[in-house]
Amino acid sequence: MADEVRVRFAPSPTGNLHVGGARTALFNWLYARKVGGKFILRVEDTDQGRSTLDSVLGILKGMQWLGLDWDEGPEVPGDYGPYFQSERLDHYRGYADQLMEKQLVYPCFCTPEEIARIKDEQVAAGNDPNYDGRCGCLSQDQVSKMLGSGMDYTIRFRTPDTGETILYDQIRGKVVFRNDLLEDFVIRKSDGMPTYNFAVVVDDALMNITHVIRGDDHISNTPRHILLYQALGFKLPKFFHLPMILGSDKLRLSKRHGAVSVHEFDKMGILPDAMLNYLALLGWSLDGKTEFFTRKQLIKAFSLKRVGSNPAVFDPAKLNWLNASHFMKLSVHDKVEGVYDIMYAEGMDVPDLDEDLAHQMGKIIKLYGKRIKNFPEGAWTLKPFFETYPEYLTAAVTEHLTDEPAARLQVIADRIETMEVFCAEEVEDVVREQAQEEGVEAATIIHALRVALLGCSVSPDVFKLCELMGRELVLIRIRGRQWSSDGHGLKTEI
RNA sequence: GCCGCAGUAGAGGAAUUGGCUAACUCACCACUCUUUCAAAGUGGAGAUUGCGGGUUCAAACCCCGCCUGCGGUACCA
């Protein structure tokens with residue numbers, strides 16, 4: 001099992017699971033599932049000020065919604081736990097001590113203010129604003145004395161002054177960093193917590209992570225990580241730096257661009273599989289042609305070799321299109337359930353979902369076909385079928401339900417009432433006959449009828465609609481109200 | 001400022017990695033059919049591959065310079 005692939009997603013709980021994080025998680029998960037490795041979820045909560053339990057819960061929920069199951073992590077015990085960094089302090093302390101013994105790190109007593117001043121001075125002198133490593137030159141005596149006095153201190157890593165650190169990134173290739181440009185960086189904060197740069201390295205090594213797949217915002221931190229791996233005598237994992245996901249203005253994706261956290265997409269009616277599919281297309285492609293993937297197909301097709309290196313703009317329109325493709329593949333049964341859930345959640349007036357209702361809803365959904373592209377749309381589409389009167393759109397009434405056609409509908413209603421068999425074909429016959437008798441286009445009656453029935457001017461075949469609504473409801477809608485011809489919708493209620 | 005990454009139609013993104021007219025998808029436009037709408041049919045437009053040089057018979061691809069965006073330069077991750 002020495003060669004087992006182990007990858008991880010390591011979010012910091014400072015907010016909900018967001019598109020960028022979800023994509024990173026997805027690529028790790030896909031790779032693990034593809035090669036039969038392990039996918040680990042680790043919570044990086046070393047920032048005591050910003051980490052919250054709510055965020056942890058939100059992230060777990062987001063992962064679960066997407067169906068990105070982890071093999072080790074919160075709620076899933078494993079051999080490498082705990083999986084919260086705040087519970088792994090002993091490890092960091094142990095390795096920090098080890099480095100201290102080897103003189104590879106040193107305590108730094110400078111306050112943040114002093115550091116800022118040092119850097120300002122350096123800038124003023126025309127140098128790079130790097131910490132000058134002065135505490136690294138303190139004598140043993142001085143150090144013990146200051147330590148004894150109970151002063152706050154951080155621990156800094158002594159970076160080499162010469163040479164280069166080379167990252168062989170599996171996506172970008174060779175990236176060279178000059179060591180003299182790296183300042184002695186902090187590995188432990190004065191509150192005793194490790195910094196990110198230290199904790200990732202210790203944890204990735206201890207958890208036997210073989211492939212580090214993360215956002216490319218970490219690429220500049222990687223030389224620090226490599227130096228730490230070397231200092232600690234750990235074996236280097238393979239690094240993959242994924243391109244960023246940007247907003248429409250090519251700026252880092254944020255709330256300004258609309259929905260960014262996965263639960264918002266859930267609320268919009270995006271299906272988890274569609275979200276996964278779309279996210280996969282951001283930075284990865286199979287052949288540039290295939291765009292639709294089920295979860296299974298994605299696992300099968302995915303390859304880190306086909307991950308690109310240029311940032312991608314998040315396009316909600318394409319997400320919606322892809323979502324509709326996934327939605328269309330759903331069974332009627334699934335659509336009914338999803339639509340019902342939303343109707344219920346939205347407080348629409350629906351009876352309990354029994355077999356009859358499911359059957360009825362299924363028929364409507366089938367009739368609407370591709371017009372319904374997601375659950376919320378379905379809910380709003382079905383709503384009028386469960387009310388006495390729909391909401392009448394003024395524009396629709398004004399256009400199609402003026403006095404004349406409205407009057408014609410009353411005649412139609414009378415004929416509908418007396419017809420022997422109430423069905424689509426019969427209603428259509430009646431409407432067409434009526435149109436012919438009055439010498440008008442059937443379309444004008446059809447349009448009027450549609451608006452009378454639904455309140456809007458868009459729907460599938462009206463006659464089939466009638467059949468689904470049932471004679472009683474159709475009559476109520478035609479006769480129950482009068483419409484104002486001045487364009488202001490309803491005039492009176494009878 | 002310094003260091004790093006990236007730049008192919010509006011967006012995603014292909015191009016056997018030096019070789020045909022730079023694919024394909026979304027978005028957009030037009031026309032058609034219809035009972036309105038539609039992811040229904042048909043067609044269309046949109047790219048000096050960021051810019052400028054160079055190497056070559058041949059450059060999206062290699063070399064040099066520049067520009068732009070982003071990231072790092074934190075006791076954030």
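A note on names: the letters A, B, ... follow the listed sequences, proteins ahead of strands, and every chain is numbered from 1.
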Visitor: The side chain of A/L282 is closest to which nucleotide in this list: B/rU35, B/rG4, B/rG12?
Guide: B/rG12
Visitor: It should be established whether A/R306 places a side-chain nitrogen or oxygen under 4.0 Å from OP1 or OP2 of nucleotide B/rA15.
Guide: yes
Visitor: Tell me whether the OP1 or OP2 atom of B/rA77 has a side-chain N or O from A/R50 closer than 4.0 Å.
Guide: no
Visitor: In sequence, state the C-alpha distance, the side-chain angles, and the governing distance for A/R306 and A/D287, and then conclude on salt bridge (Lys or Arg N to Asp or Glu O under 4.0 Å).
Guide: CA-CA 9 Å; A/R306 295 284 306 178; A/D287 52 15; over 6 Å; no
Visitor: Can you find a side chain N or O atom of A/K370 that sits less than 4.0 Å from OP1 or OP2 on B/rC37?
Guide: no
Visitor: Go through B/rG72, B/rA77, B/rG12 for me and flag the one nearest to the A/H218 side chain.
Guide: B/rA77
Visitor: So if I take every side-chain heavy atom of A/K189 and compare against B/rA77, B/rG71, B/rA11, which nucleotide ends up nearest?
Guide: B/rA77
Visitor: Can you establish whether the number of heavy atoms outside A/Q230 located under 6.0 Å from its atom CD is more than 12?
Guide: yes
Visitor: Classify the glycosidic conformation of B/rU21 as syn or anti, calling it syn when the angle lies within 90° of 0.
Guide: anti
Visitor: Base, sugar-phosphate or nothing for A/E291? Non-hydrogen atoms, less than 4.0 Å.
Guide: base
Visitor: I'd like the C1' distance from B/rU49 over to B/rA23, given in whole Å.
Guide: 14 Å
Visitor: Nearest to the side chain of A/R432, which nucleotide is it out of B/rG72, B/rG12, B/rU35?
Guide: B/rU35
Visitor: If you measure from the Lys or Arg side-chain nitrogens to the Asp or Glu carboxylate oxygens, is any gap between A/D204 and A/R42 under 4.0 Å?
Guide: yes
Visitor: Under 6.0 Å between the ring centres of A/F292 and A/W321?
Guide: no
Visitor: Pick the P atom in B/rA59 and in B/rU16, then give their distance to the nearest Å.
Guide: 16 Å
Visitor: Is the ring pair A/H225/A/Y196 parallel, tilted or perpendicular, if the boundaries are 30 and 60 degrees?
Guide: perpendicular
Visitor: Mind checking the P distance from B/rA27 to B/rG71? Whole angstroms is fine.
Guide: 30 Å
Visitor: Could you tell me whether A/L182 contacts a base, only the sugar-phosphate backbone, or nothing, with contacts defined as non-hydrogen atoms closer than 4.0 Å?
Guide: nothing
Visitor: Could you please name the option among B/rU35, B/rA6, B/rA77 that lies closest to any side-chain atom of A/R172?
Guide: B/rA6
Visitor: Between the base of B/rA77 and the side chain of A/N197, is there a donor and acceptor pair under 3.5 angstrom?
Guide: no
Visitor: Give one of base, sugar-phosphate or nothing for A/M328, where a contact means two heavy atoms less than 4.0 Å apart.
Guide: base
Visitor: What is the nucleic acid contact for A/P311, judged by heavy atoms within less than 4.0 Å: base, sugar-phosphate only, or nothing?
Guide: sugar-phosphate
Visitor: Could you check A/K289 against A/K373 and say which one's nearest nucleotide on RNA chain B is further toward the 5' end?
Guide: A/K289
Visitor: Thinking salt bridges, do A/D45 and A/R50 make one under a 4.0 Å N-O criterion?
Guide: no
Visitor: Let's see if you can work this out: which of B/rC2, B/rG13, B/rA77 has an atom nearest to the side-chain heavy atoms of A/D47?
Guide: B/rA77
Visitor: Between B/rC70 and B/rA11, how far apart are the two P atoms, rounded to whole Å?
Guide: 15 Å
Visitor: Students often get this wrong, so: under 4.0 angstrom with heavy atoms, is A/S248 touching a base, only sugar-phosphate, or nothing?
Guide: nothing
Visitor: Does a distance-only test, which skips hydrogens and angles, find a donor-acceptor pair under 3.5 Å between the side chain of A/S190 and the base of B/rC75?
Guide: yes
Visitor: Taking only side-chain nitrogens and oxygens of A/K250, does any of them come within less than 4.0 Å of OP1 or OP2 of B/rA11?
Guide: yes
Visitor: What integer number of Å spans the P atoms of B/rC29 and B/rU35?
Guide: 25 Å
Visitor: Do the numbers put A/R156 on top of the ring of A/Y131, so that NZ or CZ is under 6.0 Å from the six-membered ring centre and no more than 45° off the axis?
Guide: yes
Visitor: In terms of side-chain heavy atoms of A/V175, which of B/rA77, B/rC5, B/rU35 is nearest?
Guide: B/rC5
Visitor: Could you give the distance separating B/rA14 and B/rA9 at their P atoms, to the nearest angstrom?
Guide: 13 Å
Visitor: Classify the nucleic acid contact of A/R224 as base, sugar-phosphate or nothing, counting any heavy atom under 4.0 Å across all strands shown.
Guide: sugar-phosphate
Visitor: Determine the interatomic distance between C1' on B/rU42 and the same-named atom on B/rU34; round to the nearest Å.
Guide: 15 Å
Visitor: From the set B/rA6, B/rA11, B/rG4, return the single nucleotide nearest to any side-chain atom of A/F177.
Guide: B/rG4
Visitor: Across the strands shown, which category fits A/G308 at heavy-atom distances under 4.0 angstrom: base, sugar-phosphate, nothing?
Guide: nothing
Visitor: Taking atom types as they are modelled, is there a donor-acceptor pair under 3.5 Å from the base of B/rC3 to the side chain of A/R178?
Guide: no
Visitor: If you check the A/S220 side chain, which of B/rC37, B/rG71, B/rU25 turns out closest?
Guide: B/rG71
Visitor: So A/F463, base contact, sugar-phosphate only, or nothing? Heavy-atom distance under 4.0 Å.
Guide: base
Visitor: Provide the Watson-Crick or G-U wobble partner of B/rG1, both distances under 3.5 Å; none if there is no partner.
Guide: B/rU73
Visitor: What's the gap between B/rA60 and B/rA47 when it is taken at their C1' atoms, as a whole Å value?
Guide: 11 Å
Visitor: Which of the following nucleotides, B/rC37, B/rC75, B/rU35, is nearest to the side chain of A/I446?
Guide: B/rU35
Visitor: Looking at A/T46, I'd like to know whether one of its side-chain N or O atoms comes within less than 4.0 Å of OP1 or OP2 on B/rA77.
Guide: yes
Visitor: Verify the contact: side-chain N or O of A/S285 to OP1 or OP2 of B/rA14, cut-off strictly under 4.0 Å; return yes or no.
Guide: yes
Visitor: Below 30° counts as parallel, above 60° as perpendicular, anything between as tilted: where do the rings of A/F385 and A/Y368 land?
Guide: perpendicular
